Amino acid sequence: MQVFNRYEVKYLITADQVDKIIQQLLNSGKMRLDKYNQAGDWYPIQSLYFA
C-alpha cells in the first residue's frame, strides 16, 4: 500500500483571472467542458485538481 499526503491550496481570484485561466486550459487541449455543461455555465461550487 502506498501512502501519500494531500495538500490543498485555495486562492481568491477575480472573475477576469478565472476567465483567463479557463480559456488557457481549454485552449491547451488538456481539458474540456464536461457533457453536463457544454455552455460553460457556472456551477455553485467549482474545484480544479491537478495531478
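Quick caveat, the model's predicted, so the values are computed rather than measured.
Within the structure, every pair that satisfies the salt bridge (charged side-chain N to carboxylate O under 4.0 Å, His left out) test and touches residues 9-18, not counting sequence neighbours, is listed here: Glu8-Lys10, Asp16-Lys20.
Under a hydrophobic-cluster definition in which Ile, Leu, Val, Met, Phe, Trp and Tyr are linked whenever side-chain heavy atoms come within less than 4.5 Å, directly or via other members, Leu25 and Val9 are assigned to the same cluster.
Residues Ile22 and Val18 have side chains in contact (heavy-atom distance under 4.5 Å, counting atoms from C-beta outward).
Of the possible donor and acceptor atoms, one in the side chain of Gln17 sits under 3.5 Å from a partner among the backbone N and O of Thr14.
Separating the CG atom in Asp19 from the CD1 atom in Ile13 is a distance of 9.5 Å, to the nearest 0.5 Å.
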